[in-house]
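What follows is a set of notes on a single structure, which appears directly below.
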Amino acid sequence: IISGFVLLIQWSSPPEAIERFKSQEIWLAPPQFYELCRLCNFSSLHDLHKFSSDRALEGCERWLPVTLTAADGFIQLLPGDELYPEDPDYTGEKKITMSTDKMVEDLMKEGSIFHRIVIKNTHSLAVYVNIQAKYKHMNPLMINTDSSNYNSRL
């Protein structure tokens, strides 16, 4: 027990957690935000279980998000994105940094093949995916926390 700290655990559905993040009640790291967006594809725990059972033997892909620093934010690039490096620095030994003087909006307008998380600040995230998921996996719903216009199925 750590003196002075109180741990509260509250169950939230994926859309509820995203709304709580959006209202700044909680904070989510980009990978957890991405996975909650993926979970929004399922209307019930039964549907999620069936999906995971059906694709269990298909395999999985190792991912390393690569951060691109833009003039007004960050983009976490994921495998399949047109800006994702061919040889990502999996160990951190190369100390590769990706940056540009361009604005995030300009990078989005210039691009056409997306698998990325756009980060404007700690409570402004957006997921953009228009590639086919590998291994019969499910892409996340494209959700932008700056907009309430997203279609969760939960």
request  = Check the pair T69, T100 against side-chain contact (heavy atoms from CB on, under 4.5 Å), reporting the backbone distance first and the verdict last.
outcome  = CA-CA 6 Å; T69 304; T100 181; over 6 Å; no
message = Between K134 and E58, does the salt bridge (charged side-chain N to carboxylate O under 4.0 Å, His left out) criterion hold? Intermediate values first, please.
response = CA-CA 9 Å; K134 291 186 177 179; E58 296 295 328; over 6 Å; no
Trace of the side-chain contact (heavy atoms from CB on, under 4.5 Å) decision for E61 with H137 = CA-CA 10 Å; E61 179 180 25; H137 218 307; over 6 Å; no
inquiry  = What verdict does the salt bridge (charged side-chain N to carboxylate O under 4.0 Å, His left out) test give for D87 and K94, after you've listed the backbone C-alpha separation in whole Å, the side-chain angles of each residue and the deciding distance to 0.1 Å?
reply    = CA-CA 11 Å; D87 185 23; K94 299 176 189 172; 2.9 Å; yes
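The structure places CG of N130 at 8.5 Å from CG of D81, a figure rounded to the nearest 0.5 Å. Interatomic distance, CG of D72 versus CG of L107, reported as 8.5 Å (0.5 Å rounding). For the atom pair S12 OG and I18 CD1, the distance stands at 10.5 Å (nearest 0.5 Å). Taking CE from M98 and CG from L83, the interatomic distance works out to 6.0 Å, rounded to the nearest 0.5 Å. Here OG1 of T122 is found 6.5 Å from CD of Q24. Values are rounded to the nearest 0.5 Å.
Nearest approach of L28 to A17, heavy atoms of both residues: CD1-O, 4.2 Å. Nearest heavy atom pair, residue I131 against residue P79, reads CD1-O, 3.6 Å. Considering all non-hydrogen atoms of both residues, I117 and P30 come closest at CD1-O, 3.6 Å.
Residue pairs meeting the ring pair (Phe, Tyr, Trp, His ring centres under 6.0 Å) criterion with at least one member in residues 93-122, sequence neighbours excluded, are Y34-H115, W63-H115.
A salt bridge is absent between E16 and R20: the closest approach of a Lys/Arg side-chain nitrogen to an acidic carboxylate oxygen does not fall below 4.0 angstrom. Ion pairing between a basic and an acidic side chain is recognised when a charged N comes within 4.0 Å of a carboxylate O; K120 and D146 show such pairing.
Hydrophobic clustering of Ile, Leu, Val, Met, Phe, Trp and Tyr side chains at less than 4.5 Å, counting indirect connections, keeps M103 apart from I75. Hydrophobic clustering of Ile, Leu, Val, Met, Phe, Trp and Tyr side chains at less than 4.5 Å, counting indirect connections, unites I119 with W27. Transitive grouping of hydrophobic side chains (ILVMFWY, heavy atoms separated by less than 4.5 Å) brings L64 and L77 into a common cluster. If you chain together hydrophobic residues whose side chains sit under 4.5 Å apart, L57 and F51 never meet in one group. Under the 4.5 Å side-chain heavy-atom criterion for ILVMFWY residues, no single connected hydrophobic cluster contains both M138 and Y135.
Considering only heavy atoms from C-beta on, N41 stays 4.5 Å or farther from L39 through its side chain. The shortest side-chain heavy-atom distance between C37 and M142 does not fall under the 4.5 Å cut-off. Residues F74 and L68 fail the side-chain proximity criterion, which asks for heavy atoms closer than 4.5 Å. Under the 4.5 Å side-chain criterion, counting only non-hydrogen atoms from C-beta, I143 is in contact with C40. With contacts defined as side-chain heavy-atom distances shorter than 4.5 Å, the pair L125/V127 does not qualify.
In this structure, the side chain of E82 engages the main chain of I113 through a donor-acceptor pair within 3.5 Å. Not a single donor-acceptor pair under 3.5 Å links the side chain of R116 to the backbone N or O of L78. Checking side-chain atoms of N139 against main-chain N and O of R38 turns up no donor-acceptor pair under 3.5 Å. In terms of modelled atom types and a separation under 3.5 Å, the side chain of S52 and the main chain of H49 share a donor-acceptor contact.
For D54, the CG atom is densely surrounded, since the number of other residues' heavy atoms within 6.0 Å is greater than 12.
Ring-centre distance between F33 and H123: not below the 6.0 Å cut-off.
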